Amino acid sequence: MQPADKSNLFRSEAELLLEKSRKDKAARTKDVGAPIEITGRALAIEVRENIAWIAENTTVVRKLDLETGKTLQLFKGHTAPVTSLAFVDREPGSGKAELLVTGSWDKTIKVWDIEKKELISSTEAHTDFVKALLVIPSLRLLVSSGSDKIVRIWDTSNIADGRPLISVGFLTDHKRPVESLDARVTSDTSAVLYTADTMGVIIVWEIKKDDGTPPRWQSTLIEELKHHRTRVNDLVHGNGQLWTASADETVHIISHPAPAPPPTGTLASKPPPPIPHPAAVRTLLPLALTPLGEPYLLTGTGDAIRVYDVSSPDEPELLTEVDAHWHDVTALRLWMRREPVEGAPGKVRVEPWVVSASLDGTIRRWRLSELLQPPPTPSAEPVGETKPEEATPVAQPDDTLGMTEDEERELAELMGEV
């Protein structure tokens, strides 16, 4: 697919106004959030200690030092945008998570040794784009989903042996591409799996390990949740609650499993109302599910970051809205920033920050305290210098990928064609 020539396209007034608005906002926000410019556009990000791992539309995964803004390593091997990443133990149960797993529009899942900086294996995982990855360490499982509407389960027991991953189960009830995944473990041989698609349907499954040789994971559909009208972009489960963000411009927080029905004659409690937003919500960060355990929710809606007090889910309070980027926010992650204490050898100060990723080509860093209580006059306090990089060519997936109309529009946006 060749890049579109904007000079030959009929462009609506709305598109021209949006482009002008983004240009104006790019100038206004160029210094906020201590931005780090990257070559591509971040589609997923994970933060470990002071390092950000970024899946980009440029076909690479970038290892980035959040203190200095320098790129430490590029993992090259995919031939299309990298959509998802996760970490897994080399030795199951070690908790070291020293292997990197990546999924891409090239339909493969790749496993990397982050210490040796080598590709370990590549698996033809789906018949269409890989959209999401989830590691369940205690069960030695990797779950993947794709535009082929299928969710696949992979054994990670021997993930470092260099061979393609072994499929041990799959789920096929979705009617649209599956965008988001999470799970809660119920025993050493079972879990409840949450899978969400672009139609807004969330399917809840029970998966169980059977007694076969070799064993496989069998699935049972428990229920379908349909409280969203369209695409579920992000989904997190924890503390008995399911948190979901959607393109329908809402966030939902529901109890799951649902509480037992009240005694006869007693009114059942209503679920908390949805939290409305001014634009599609691509990502959420419930601080209650992090080591901080605080009753705050951060959301990425359009190009802004919102902060809510959800100590009372029935009455969420909007605390702040920050003009964070000039294009859509794609991810929010907690960064427990560690830095040496000056004049106190061996001591380290730990401070909570938030890292945001966006389609504007920047990674930005925010003190959590300033997001919760922004200063009267916003000012960026850089935490490091960014070294200019050479541009990396953007690989164009070929037409054999069989994209739908929606996926063609998504690719055009990722590649900067609209």
Side-chain angles (χ1 to χ4, degrees), residues 1-3 36-48 50-66 68-88 90 97-126 128-133 135 142 144 146-147 154 156 159-165 330-331 333 355 357-363 386-401 403 410-411 413-417:
M1 185 171 64
Q2 297 299 316
I36 302 171
E37 292 188 8
I38 59 176
T39 304
R41 302 183 181 201
L43 307 185
I45 184 171
E46 295 296 337
V47 174
R48 304 178 73 193
N50 286 352
I51 302 297
W53 300 79
I54 307 161
E56 294 186 17
N57 72 321
T58 53
T59 76
V60 305
V61 174
R62 185 181 303 271
K63 179 182 178 182
L64 183 78
D65 188 321
L66 286 170
T68 65
K70 293 181 179 179
T71 294
L72 304 177
Q73 181 73 25
L74 293 177
F75 292 81
K76 300 178 180 180
H78 285 292
T79 58
V82 185
T83 57
S84 47
L85 53 83
F87 292 89
V88 67
R90 179 189 299 275
E98 65 268 60
L99 300 182
L100 171 67
V101 186
T102 58
S104 167
W105 281 27
D106 65 13
K107 311 174 192 175
T108 70
I109 295 174
K110 297 187 187 298
V111 180
W112 312 79
D113 186 320
I114 61 177
E115 294 176 353
K116 296 181 180 179
K117 305 173 183 177
E118 295 176 349
L119 177 65
I120 295 176
S121 68
S122 183
T123 303
E124 297 291 334
H126 288 263
D128 209 331
F129 310 147
V130 179
K131 303 291 275 185
L133 295 173
V135 172
L142 169 70
S144 66
S147 291
W154 310 88
T156 64
I159 195 169
D161 67 5
R163 292 178 294 178
L165 298 172
T330 55
R333 295 293 182 266
V355 176
S358 168
L359 294 180
D360 68 7
T362 66
I363 305 298
T386 303
K387 183 178 179 180
E389 304 176 42
E390 287 188 10
T392 302
V394 177
Q396 301 285 347
D398 61 38
D399 292 333
T400 62
L401 291 178
M403 292 180 290
E410 182 179 353
L411 180 60
E413 184 171 77
L414 297 183
M415 296 304 184
E417 295 175 10

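As the structure is a computational prediction, the values presented were derived from the model and not from experiment.
- Smallest separation of non-hydrogen atoms from A160 and L99: CB-CD1, 3.9 Å.
- Within the 3.5 Å criterion, the main-chain N or O of P164 finds no donor-acceptor partner in the side chain of T123.
- Atom CG in L100 sits 6.0 Å away from atom CG in L85 (nearest 0.5 Å).
- Between S104 and P81, the shortest heavy-atom distance links the atoms OG-O, 2.9 Å.
- Counting only distance, with no hydrogens or angles, the side chain of T330 and the backbone of L43 share no donor-acceptor pair below 3.5 Å.
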Exercise. Should T39 and T71 be marked as a side-chain contact (heavy atoms from CB on, under 4.5 Å) after you check the CA-CA gap, both sets of side-chain angles, and the distance that decides it?
Worked result: CA-CA 10 Å; T39 304; T71 294; over 6 Å; no

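- The shortest distance between side-chain heavy atoms of S147 and H126 does not fall below 4.5 Å.
- Residues L142 and I109 meet the side-chain proximity criterion, which asks for heavy atoms closer than 4.5 Å.
- Within the 4.5 Å cutoff, no side-chain heavy atoms of I114 are placed close to those of Q73.
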Pair E46, R333 - check salt bridge (Lys or Arg N to Asp or Glu O under 4.0 Å), show working.
CA-CA 7 Å; E46 295 296 337; R333 295 293 182 266; 3.7 Å; yes

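- Rounding to the nearest 0.5 Å places CG of N57 at 8.0 Å from CG of L359.
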Practice problem: Evaluate the criterion side-chain contact (heavy atoms from CB on, under 4.5 Å) for residue pair R90 and D113; output intermediate values, then yes/no. | Solution: CA-CA 9 Å; R90 179 189 299 275; D113 186 320; 2.4 Å; yes

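- The two residues S84 and A44 make their nearest non-hydrogen contact at CA-CB, 4.1 Å.
- Across all their heavy atoms, W105 and V130 have their closest contact at CD1-O, 4.2 Å.
- With hydrogens and angles disregarded, no donor-acceptor distance shorter than 3.5 Å links the side chain of E115 to the backbone of E98.
- Minimum heavy-atom separation, D161 to R163: OD2-NH2, 2.6 Å.
- If you run side chain to side chain donor-acceptor pair (under 3.5 Å) between H78 and each of T102, T83, T58, T59, only T102 comes through.
- The closest side-chain heavy-atom distance from S144 to L133 is below 4.5 Å.
- Screening K63, R41, R62 for a side chain to side chain contact (heavy atoms under 4.5 Å, CB included) with I54, the sole residue that qualifies is R62.
- Not one N or O on the side chain of T362 forms a donor-acceptor pair closer than 3.5 Å with the backbone of E37.
- For the side chain to side chain contact (heavy atoms under 4.5 Å, CB included) criterion with I51, the lone passing option out of L64, L66, L72 is L72.
- I45 is not listed as a side-chain neighbour of W53, based on a closest heavy-atom distance of 4.5 Å or more.
- The 12-atom threshold is exceeded at CZ of R48, counting heavy atoms of other residues, nucleotides or ligands nearer than 6.0 Å.
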